[in-house]
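The first residue of the sequence shown is numbered 1, and numbering continues consecutively from there.
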Amino acid sequence: MLIFWAVLGGFLLDALFGDPAWLPHPVVLMGQCISALEKHLPKTPRGELVGGVAVAAVLPLGTLAVTGLACWAAARLHPALGLALQMLWCGQALAAKGLAQESRNVYKELARGD
């Protein structure tokens with residue numbers, strides 16, 4: 001039932017505020033992690049394959065570990081704080097308001113026919 005409230009709260013937060021410009025989006029942070037990991041990969045075809053598999057495993061597992069630990073720690077401090085953090089991250093993951101705005105921007109550019 002907690003997941004329901006986290007997703008509902010995240011959807012409402014996203015609908016009201018969208019993605020705040022001052023808060024880095026998780027996808028940006030993931031991109032920075034990928035860039036940092038890629039610097040240490042061998043530049044051979046086999047090295048790139050093995051490195052790609054490693055990055056594909058490390059990124060989601062690392063994200064799960066960091067977010068899970070943060071939500072657990074926040075909930076230990078206070079259950080409402082844990083729920084608030086889950087709502088914030090659900091809102092960022094949904095990003096419906098930002099996606100709708102960017103889709104309109106793309107449509108406007110396409111409609112111009114340049």
Side-chain angles (χ1 to χ4, degrees):
M1 190 65 172
L2 185 63
I3 292 173
F4 171 80
W5 292 114
V7 173
L8 178 64
F11 182 79
L12 292 174
L13 284 173
D14 178 60
L16 291 172
F17 304 110
D19 280 330
W22 57 269
L23 186 63
H25 195 276
V27 172
V28 172
L29 298 174
M30 289 178 190
Q32 291 172 347
C33 287
I34 291 169
S35 294
L37 290 170
E38 283 181 339
K39 291 178 184 174
H40 302 290
L41 299 179
K43 302 298 183 222
T44 65
R46 178 152 173 78
E48 288 181 351
L49 177 64
V50 171
V53 169
V55 170
V58 166
L59 192 63
L61 293 174
T63 300
L64 176 65
V66 168
T67 57
L69 185 60
C71 289
W72 175 80
R76 294 272 301 174
L77 291 172
H78 195 281
L81 184 60
L83 180 59
L85 185 58
Q86 290 179 45
M87 287 178 175
L88 171 71
W89 283 339
C90 281
Q92 284 188 309
L94 293 169
K97 185 174 185 174
L99 181 59
Q101 179 60 50
E102 294 307 317
S103 297
R104 284 190 295 274
N105 292 344
V106 169
Y107 177 77
K108 286 178 193 174
E109 291 300 317
L110 290 173
R112 278 212 256 158
D114 289 344

W22 reachable from L85 in the ILVMFWY side-chain graph, under 4.5 Å edges:
yes
Pairing residues for R46 by the side-chain hydrogen bond (donor to acceptor under 3.5 Å, both in side chains) criterion, not counting sequence neighbours:
none
Pairing residues for L49 by the side-chain contact (heavy atoms from CB on, under 4.5 Å) criterion, not counting sequence neighbours:
none
Are L37 and M30 connected, step by step, through hydrophobic side chains (Ile, Leu, Val, Met, Phe, Trp, Tyr) whose heavy atoms are closer than 4.5 Å?
yes
Sequence neighbours left out, cut at 3.5 Å: what donor-acceptor pairs do the side chains of residues 1-11 make with other protein atoms?
none

Where is the tightest heavy-atom contact between G51 and L41, given as atom of each residue plus distance?
CA-CD2, 3.3 Å
Linked hydrophobic residues, L29 as query - side chain contacts closer than 4.5 Å
none
Check residues 64-72 and write down every donor-acceptor pair under 3.5 Å in which the side-chain atom is one partner and the other belongs to a residue at least two apart or another chain.
residue, atom, partner, partner atom, Å
T67, OG1, T63, O, 2.7
T67, OG1, L64, O, 3.4

side-chain contact (heavy atoms from CB on, under 4.5 Å) involving H78 - partner list, sequence neighbours excluded
A80, L81
Hydrophobic cluster membership, L83 vs F17, 4.5 Å side-chain cutoff
yes
With sequence neighbours left out, the residues meeting side-chain contact (heavy atoms from CB on, under 4.5 Å) with V53 are none
Looking at E38 and K43, what are the two nearest heavy atoms and their distance?
O-NZ, 3.4 Å
Which residues pass the side-chain hydrogen bond (donor to acceptor under 3.5 Å, both in side chains) test with Q101, sequence neighbours left out?
R104, N105
Taking only distance into account, with no hydrogens and no angle test, what donor-acceptor pairs under 3.5 Å do side-chain atoms of residues 87-99 form with protein atoms, sequence neighbours excluded?
residue, atom, partner, partner atom, Å
K97, NZ, L16, O, 3.4

